[in-house]
Structures are given as C-alpha cells and as structure tokens.
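Notes follow the structure.
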Amino acid sequence: MARKKAEKILEKDGVIYFKATKPLTKQEHEQLSDKVRYESEKTELKIVLVPFSCDLGGEE
C-alpha cells in the first residue's frame with residue numbers, strides 16, 4: 001500500500017494548502033511539486049505546497 005506524500009492542511013479564501021507528511025528528498029519534492037503544479041493548472045485552483053516544517057495553525 002502506497003503512503004500519501006502530502007495531505008491537505010487548510011483551505012481558505014479559495015486556496016488549498018498541502019503539506020508533505022514526512023521530510024522529502026530533493027527528488028521526491030520535485031515530483032510532488034510537479035504533481036501539485038499540474039493539478040493546479042488542470043483545475044484552475046490555487047494550490048500551495050508548504051514546507052514539511054511549516055505550521056499554518058489551521059491543521060485539523
């Protein structure tokens with residue numbers, strides 16, 4: 001079973017914030033960033049990938 005590399009942590013003012021579920025290697029971060037960028041362009045939603053160490057204070 002594949003583990004999720006990111007999870008949604010906050011949705012506010014039309015922006016969705018995702019955060020890595022663990023520290024990522026440079027290659028993993030680039031792959032995840034590419035996926036987020038693709039989905040953002042495809043759906044026309046504003047999607048932000050925040051650093052693993054970031055705390056937005058809106059985690060559920």
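What's counted below: heavy atoms across the whole structure, side chains too, no hydrogens, waters or symmetry copies.
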>> Strictly by salt bridge (charged side-chain N to carboxylate O under 4.0 Å, His left out), give each pair with a member in residues 23-33 just once, sequence neighbours left out.
In response: Lys22-Glu28
> By side-chain hydrogen bond (donor to acceptor under 3.5 Å, both in side chains), which residues pair with Lys8, not counting sequence neighbours?
Replying inline: Glu11
> Among all residues two or more places apart in sequence or in another chain, which pass the side-chain contact (heavy atoms from CB on, under 4.5 Å) test with Glu44?
Replying inline: none
> Under the 4.5 Å side-chain heavy-atom rule for ILVMFWY, direct or indirect, which residues accompany Leu49?
Replying inline: Ile16, Phe18, Leu24, Leu32, Val36, Leu45, Ile47
>> So, using side-chain hydrogen bond (donor to acceptor under 3.5 Å, both in side chains) as the criterion, who are the partners of Asp34 when residues are at least two apart?
In response: Arg37
